Amino acid sequence: MTSEKDVTASPSQAPSDFVRDIVAQHVAEKRYPKIVTRFPPEPNGYLHIGHAKSICLNFGIARENNGQCNLRMDDTNPTKEDVEYVESIMEDVQWLIAGWADHCLGFKPKGKLPEATGTGSTTDFYLGAVNPAAAGGTSGLEPFFASDYFDEIYAFAVTLIKRGKAYVCDLSPEDTEKYRGAPDKPGVDSPFRTRSIEESLALFERMKAGEFPNGARTLRARIDMTSPNVWLRDPVLYRIRHTEHHHTGAKWCIYPMYDFAHCLSDYIEGITHSICTLEFEVHRPLYDWILESLGLPRPLPHQYEFARLSLGYTVMSKRKLMQLVQEKVVLGWDDPRMPTISGLRRRGVPATALRQFAANIGVTKFSSLTDVAVLEHAIREDLNARSHRRFAVLRPIKVVLTNLAEGQVVQNEAVNNPGDPTAGSRMLSLTREVYIDADDFMEVPPPKYFRLRPGGEVRLKYGCVIKCDEVVKDASGALVELRCTADLETRAGGSNATKKVKGTIHWVSAASAIDAEVRLYDRLFNVPEPDADGDFKAHINPNSLEVLTAKLEPSLASATLEDRYQFERLGYFALDPRDTALGKPVFNRTITLKDTWTGGKA
RNA sequence: UGCCCGAUGGUGUAAUGGUAGCACAGCAGAUUCUGAAUCUGUUUGUCUAGGUUCGAUCCCUAGUCGGGCAGCCA
């Protein structure tokens, strides 16, 4: 495979799957001088974790074969697309592949268009890539745009007409549908199918010139109205849309359809392997028909299909995600509860974890439902290795250590990561007043409860064992504070340091703790397949976000956006990059720690 | 009732004519100043019926079940 070290994570060798097998065979045959893939999102929404699977596949294949993967905006429908999406896509892709496949990313000089390389009767166009890493950054570069090829695609359409393989059709949208027939019923030829080449040529030019209203005419391929594959029943190649385009402005009023534009865009860029999802499988004969009908001089790209990702407890279509945003179920496309790449990033999920996840789930043609536990495992595994441990108390209970003097400070060393000796340590101050988490004290605990109870003992981690002498309540019966005695001889190095107690809990000093907003996220839906009954909004988890003010150990005042933290016994947390302000930290819980305690119920 | 694609433990995936393996989840134990991590062990599987073959998860046929396809969306 590759001789380079995979920087995703040490254990991940290049995965193997049927697409990579095909590519490997082509490499062995030396079929192409270089393997070129592409990631071609339509800029009509934000990228989600399903796209991440595709990105990892396409860029993975490129990097494993010393190839290249072009980022291309598949923007042939001006009514649905927007530059906002172009920008988010660029950011998300570059974030996901950073440090892994940047050297394979294909961009192009800003404004650069394909060059006509054809001679004589053969029409040919080519547009090569520039790598941002090699070019010293993305300034002056941009991704590819299918809309940059409108001139060339138009020229190819004219060629098709001249070859008698396409014609201008005057059927209305409704009639076009009727004539198409049904999957089990053959279609009927359009009355305009026999139109002369000259007339189609003239009409097509007038369509381009804007002489006809939307929907008045289309350019259609002349294939076979009786084909069992409905996509071969004279598919529409061009439609009239008097709409400005986010990238080409007002230049065009006719726009190519996906099927026509995609294969040609692949060809123009010199793509060798055009990898897409299963629903395009029935389009493949059309993809091939168009390219083969043009008599193109360079090697043709080929399409390969794999199963899109379905993840438990979430929805994955852009339409549904858009709905969640528009109906304010979430706070935006990058809401940390969203399965979008931007949402996962904001939640604190590292790109390496997403890449490892993609490698773990594999690539097949079987439509499966992936257990969220697989994603969660990849995130925990990544975060466990890299996160410094910190103490944070989410729901504070005050504990007074009655045998410590006011102002007395007992310093304790706490390691930053028990699995990584190089991570160092920091000091924690034990004082007369500390906070512990409400979950770590129960007046009437269930069986096997290891934590603090009246008259019971527990260890304050990196501190000492304490004993609960008194539970103080107010007139209403609400807990005010716990009065405990600390046994300082049980500290590390003390005469009773190895004293065994059932529970060890985290804590913070009331004297030095800092306040911070902490956001606890839970899954957005409360059933594994929210859309199984077609009503995904009925299964929204009303408690997917809980916001609280927590007490944090003081070292967290210097937390950075880049670092990941494990709040011990609670989970992994990261600073929210959008809402954190100077002196006002906001932490997002990326994921809880795995919790095998049944809560005494078992 | 047309065409295309698929089917391996609970879930996801390997094995491409020769011992059904891995991961997640689960369970049990060890260990633990995180009920985490780590370590050890372990339950559970080739959709059905025929055929080819010394031998079939793999090749062939039929069936069953599942997914996709009838936008001037992608």
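The structure presented is a predicted model; accordingly, all values stated were derived computationally and were not measured. Chain letters run A, B, ... following the sequence lines, proteins first, then strands; residues in each count from 1.
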| query | Between residues 307-323 of chain A and RNA chain B, which residues have a heavy-atom gap below 4.0 Å? | reply | none
With a 4.0 Å cut-off, would you call [X] and [Y] a salt bridge?
| X | Y | value |
| --- | --- | --- |
| A:E279 | A:R308 | yes |
| A:K499 | A:E457 | yes |
| A:R217 | A:D170 | yes |
| A:E305 | A:R284 | yes |

Which nucleotide sits closest to the side chain of [X]: [options]?
| X | options | result |
| --- | --- | --- |
| A:W597 | B:G67, B:G35, B:G12 | B:G35 |
| A:E279 | B:C3, B:A74, B:A70 | B:A74 |
| A:D74 | B:G2, B:A74, B:U16 | B:A74 |
| A:K461 | B:A14, B:G67, B:U34 | B:U34 |
| A:M257 | B:A36, B:A74, B:G12 | B:A74 |
| A:R241 | B:C72, B:C69, B:U11 | B:C72 |
| A:K594 | B:U11, B:A37, B:A74 | B:A37 |
| A:A492 | B:A36, B:C33, B:C72 | B:C33 |
| A:V374 | B:C24, B:A14, B:G68 | B:C24 |
| A:R239 | B:C73, B:C69, B:U34 | B:C73 |

Answer with yes or no whether the side chains of [Y] and [X] bring together a donor and an acceptor at under 3.5 Å.
| X | Y | answer |
| --- | --- | --- |
| A:R38 | A:S274 | yes |
| A:R390 | A:N416 | yes |
| A:D21 | A:Q25 | no |
| A:Y287 | A:D266 | yes |

Integer angstrom distance from the [atom1] of [N] to that of [M]:
| N | M | atom1 | value |
| --- | --- | --- | --- |
| B:C58 | B:G67 | C1' | 22 Å |
| B:U34 | B:U42 | C1' | 26 Å |
| B:G68 | B:G12 | P | 16 Å |
| B:G41 | B:C69 | C1' | 49 Å |

| Do the two ring centres, one from A:F587 and one from A:F573, sit under 6.0 Å apart? | no
| request: May I ask whether A:F366 stacks on the base of B:G6, given the cut-offs of 5.5 Å between ring centres and 30° between planes? | output: no
Regarding [X], tell me which of base, sugar-phosphate or nothing describes its non-hydrogen contacts under 4.0 Å with the strands shown.
| X | result |
| --- | --- |
| A:G419 | nothing |
| A:N229 | nothing |
| A:H262 | nothing |
| A:I591 | nothing |
| A:T364 | sugar-phosphate |
| A:T176 | base |
| A:E568 | base |
| A:R459 | base |
| A:F18 | nothing |
| A:E305 | nothing |
| A:S368 | sugar-phosphate |
| A:P418 | base |
| A:S172 | base |
| A:D595 | sugar-phosphate |

Specify the separation, in whole Å, of atom [atom1] of [X] and atom [atom2] of [N].
| X | N | atom1 | atom2 | result |
| --- | --- | --- | --- | --- |
| A:F306 | B:C4 | CZ | P | 23 Å |
| A:W231 | B:A74 | CH2 | P | 9 Å |
| A:D371 | B:U13 | CG | P | 12 Å |
| A:L278 | B:G66 | CG | C1' | 12 Å |
| A:H242 | B:C72 | NE2 | P | 18 Å |
| A:R233 | B:G71 | CZ | P | 11 Å |
| A:F260 | B:G71 | CZ | P | 21 Å |

| task | Tell me whether the guanidinium CZ or amine NZ of A:K208 lies under 6.0 angstrom from the six-membered ring centre of A:Y154 and within 45° of its axis. | result | yes
| Does a nitrogen or oxygen in the side chain of A:R389 sit under 4.0 Å from OP1 or OP2 of B:A36? | no
| field | side-chain N/O A:R569 vs B:G35 OP1/OP2, d < 4.0 Å | value | yes
| message | Does A:K467, at its NZ atom, have more than 12 non-hydrogen atoms belonging to other residues, nucleotides or ligands within less than 6.0 Å? | response | no
| remark: Expected label for B:G71 (glycosidic angle, syn inside 90° of 0, else anti) would be syn
| query | Nearest 0.5 Å, what's the CD-CZ distance between A:Q566 and A:R389? | reply | 4.0 Å
| request: Kindly say whether, by distance alone, the side chain of A:R451 makes a donor-acceptor pair under 3.5 Å with the base of B:G35? | output: yes
| query | If a stem is a run of at least 3 consecutive Watson-Crick or G-U pairs, both distances under 3.5 Å, which stems include RNA chain B? | reply | B:2-7 with B:64-69, B:10-13 with B:21-24, B:26-30 with B:38-42, B:47-51 with B:59-63
| Pairs satisfying salt bridge (Lys or Arg N to Asp or Glu O under 4.0 Å), at least one member in residues 236-246 of chain A, at least two apart | none
